[in-house]
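Okay, so here's the structure we're looking at.
All residue numbers refer to positions in the sequence shown, counting from 1.
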Amino acid sequence: MNDTRLIYGQPRDTGSFPDAAGPSGEALRGGSDADLLDAYSRTVISVVDAVSPAVVSIAVSATPRGADAPPDGTGSGFLFAPDGYLLTNSHVVQGAHALYVRFMDGSVFEAELTGVDTATDLAVLHVPASGLPYAEIGDSRALRAGQLIVAIGNPLGFDSTVSAGVVSALGRALRSQDGRLIENIIQHTAPLNPGNSGGPLVNSRAQVMGINTAIIMSAQGIGFAVPSSTASYVVSQLLAHGKVKRGYLGISGAARPLDRRLVLHYKLETARAVEVVTVDPGGPASRAGVVRGDIIVGMGGRGIESVDDMHRFLTEWPVQAPADLALLRGKDLVHLTIIPSER
C-alpha cells in the first residue's frame, strides 16, 4: 500500500548551475565527464563553504533538564543576521520548554523564541551573540525548474550534512499543521530526512531559496521547502510584532458550486463560491450584516471560490481596512462593507 503522508521533522522524532568554463572563461564544449563532474563539485563545495558556518543544530527540551540532557527532539536552522537571529520551522520548536542551538565549532547557546507562524511553518529564534556567520536570504521568485540546489542540515543527528539536487517543480501547495495552505512551495530532489527540517535550501550563489520543511513518506527524491519570498515577509513580521498579523472575519464557510444562471446573469468571475456556515456574534462579519446561508463571491474586488482564497485575501489585506464584500443572498447580489479585525 502506497503511503503518501507528509512527514514534518517533528520534535518528537529522536542561482543556477554555471556553465563549466575553461581558463579563458569560455564554456567547455564536448568536455569529458570528469570535467563536468569537477565543475559540479566545485559549485557545491563553494556553496557549502559559504553557508555551512551559518547552519545550526537545534535541540528541543520539553522539560527543564538543561543543555546536557538528551533532547526530546532535534532540527536544523540557519542564521540570517550576524546579531544572533536564526530561522527554522515552527514544528521544530513546538511545545519546547527550552531551546539549545549548537554551532559548527561546538559552542552551544540557549535560544529565545522571537516569534512563530504556524500558518507558514516558520519560526525565528535569537541567541545572545554577535558577529556571527550568516546566510543571505535570496529571492525564490527567480528559481527555475531544473536549477541546482543544495540542502544543508542535521538529519537524524548527523551534523552539517549536505545533499544536492535540482528544483523539480515550483508553485506547489501544502497544508500547514494549522490547516492553512502554504503556497508557492518548492519541490526538489535533494534528499531530506527527519532533522533536516528548518535547514536552508541554497542556490549556486549561496543564497537561501527556501527552508526545508517536509518529505513524503515512502517517496524517493521528493522534498519540499517554504520559499524565501514567503520567509522574508514572515521574518519581518515576527521581528516587528512577534507574530504575523492577519485579518479575521468571524465566519466559517464551505466551498460550493454556483447556479450557472446566476454566474452568467451577474457576470461572476468564478463558478464556485463560499457559503457561510456560521457567523460569530459580534465579529466583523456579523457587524457588516453577513448571515448564515450567504454565499461569498468576492472580497476587495477579487473573486472568491474557496476558503483558501479567503485566507489568502486576509493575509494580504491590511487589518482594519474596509473591504467590499460581494455575496449572493438568495438570487440577489448584495454588496456589504466589512472591516477585518486582527486574528
Exercise. For Thr118 and Ser90, what are the C-alpha separation, side-chain angles and deciding distance, and is it a side chain to side chain donor-acceptor pair (under 3.5 Å)?
Worked result: CA-CA 6 Å; Thr118 58; Ser90 67; 5.7 Å; no

Should His188 and Asn212 be marked as a side chain to side chain donor-acceptor pair (under 3.5 Å) after you check the CA-CA gap, both sets of side-chain angles, and the distance that decides it?
-> CA-CA 10 Å; His188 62 85; Asn212 289 311; 3.0 Å; yes

Test log, rule side chain to side chain contact (heavy atoms under 4.5 Å, CB included), inputs Val235 and Phe80:
CA-CA 10 Å; Val235 165; Phe80 61 85; 3.7 Å; yes

Practice item. Please lay out, stage by stage, how Ser76 and Asn154 fare under the test side chain to side chain donor-acceptor pair (under 3.5 Å). Key: CA-CA 6 Å; Ser76 302; Asn154 307 288; 3.3 Å; yes

inquiry  = Pair Leu86, Phe78 - check side chain to side chain contact (heavy atoms under 4.5 Å, CB included), show working.
reply    = CA-CA 5 Å; Leu86 62 100; Phe78 66 94; over 6 Å; no

Can you list the steps and then say if Ser197 with His91 is a side chain to side chain contact (heavy atoms under 4.5 Å, CB included)?
CA-CA 9 Å; Ser197 288; His91 72 260; 3.2 Å; yes

Between Ser204 and Thr43, is the side chain to side chain donor-acceptor pair (under 3.5 Å) condition met? List the steps. CA-CA 6 Å; Ser204 61; Thr43 300; over 6 Å; no

Can Val60 and Tyr100 be said to form a side chain to side chain contact (heavy atoms under 4.5 Å, CB included), step by step?
CA-CA 7 Å; Val60 180; Tyr100 300 97; over 6 Å; no

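Judged by distance alone, with hydrogens and angles left aside, the side-chain atoms of Ser229 form no donor-acceptor pair with the main-chain N or O of Asp139 at under 3.5 Å. Asn203 places a side-chain N or O within donor-acceptor distance of the main-chain N or O of Ala206, the cut-off being under 3.5 Å. Looking at Asn196, its side chain does come within 3.5 Å of a backbone N or O of Asn193 through a donor-acceptor pair.
The two residues Ile182 and Ala119 have their closest heavy-atom pair at CG1-O, 3.3 Å. Across all non-hydrogen atoms, the minimal contact from Leu201 to Ala225 is CD2-CB, 3.9 Å. When every heavy atom of Ala190 is checked against every heavy atom of Ser163, the shortest pair comes out as CB-OG, 3.8 Å. Minimum heavy-atom separation, Leu239 to Val124: CD2-CG1, 4.2 Å. Taking every heavy atom of both residues into account, Leu143 and Val167 meet most closely at CD2-CG2, 4.2 Å. Across all non-hydrogen atoms, the minimal contact from Gly84 to Leu132 is CA-CD1, 3.8 Å.
Around the OH atom of Tyr134, the shell of radius 6.0 Å holds no more than 12 heavy atoms that belong to other residues, nucleotides or ligands. Within a 6.0 Å sphere centred on CD of Glu112, other residues, nucleotides and ligands contribute 12 heavy atoms or fewer. Counting non-hydrogen atoms of other residues, nucleotides and ligands closer than 6.0 Å to CZ of Arg329 gives a total above 12.
Using a 4.5 Å cut-off on side-chain heavy atoms (C-beta onward), Gln237 and Lys243 make no contact. Looking only at side-chain heavy atoms (C-beta outward), Ile58 and Val56 come within less than 4.5 Å of each other. Within the 4.5 Å cutoff, no side-chain heavy atoms of Phe224 are placed close to those of Ile186. For the pair Val101/Ser57, no side-chain contact is recorded, criterion being any heavy-atom separation below 4.5 Å from C-beta on. The side-chain heavy atoms of His335 and Leu325, taken from C-beta on, include no pair separated by under 4.5 Å. Residues Phe313 and Arg302 meet the side-chain proximity criterion, which asks for heavy atoms closer than 4.5 Å. Proximity of Pro284 to Pro340: side-chain heavy atoms (C-beta onward) are nowhere separated by under 4.5 Å. By the 4.5 Å heavy-atom criterion applied to side chains, Val226 and Ile185 are counted as neighbours.
Side chains of Asp121 and Thr213: a donor-acceptor N/O pair is present below 3.5 angstrom, by distance only.
With respect to the salt-bridge test (charged N to carboxylate O, under 4.0 angstrom), the residues Arg246 and Asp117 qualify. Ionic pairing of Arg175 and Asp308 is present here: one or more N-O contacts between side-chain nitrogen and carboxylate oxygen are shorter than 4.0 angstrom. Using a 4.0 Å cut-off between a side-chain N of Lys or Arg and a carboxylate O of Asp or Glu, Asp309 and Arg312 qualify as a salt bridge. Looking at Arg256 and Glu305, no side-chain N of the basic residue comes within less than 4.0 Å of a carboxylate O on the acidic one, giving no salt bridge.
Taking NZ of Lys245 as the reference point, atom CD of Glu342 lies at 5.0 Å (rounded to 0.5 Å). The distance from the CG atom of Leu238 to the CG atom of Leu122 is 7.5 Å, given to the nearest 0.5 Å. For the atom pair CZ of Arg260 and NE2 of His265, the computed distance is 15.0 Å after rounding to the nearest 0.5 Å. Thr161 OG1 to Leu192 CG: the interatomic distance, rounded to the nearest 0.5 Å, is 11.0 Å.
Clustering ILVMFWY residues whenever any of their side-chain heavy atoms sit less than 4.5 angstrom apart, transitively, puts Leu328 in a cluster other than the one holding Val334. Hydrophobic clustering keeps Leu327 apart from Tyr266 (ILVMFWY residues linked when any side-chain heavy atoms are closer than 4.5 Å, directly or through intermediates). Using a 4.5 Å cut-off between side-chain heavy atoms of Ile, Leu, Val, Met, Phe, Trp and Tyr, with links allowed through other members, Val166 and Ile152 fall into different hydrophobic clusters. Under the 4.5 Å side-chain contact rule for hydrophobic residues, Val307 and Val276 share a cluster. At a threshold of 4.5 Å between side-chain heavy atoms, the hydrophobic network of Ile, Leu, Val, Met, Phe, Trp and Tyr places Leu314 and Ile251 in one connected group.
For the side chain to side chain contact (heavy atoms under 4.5 Å, CB included) criterion with Arg261, the lone passing option out of Leu264, Asp259, Leu258 is Asp259.
Below 30°, between 30° and 60°, or above 60°: for Phe103 and Phe109 the angle between ring planes is above 60°, a perpendicular geometry.
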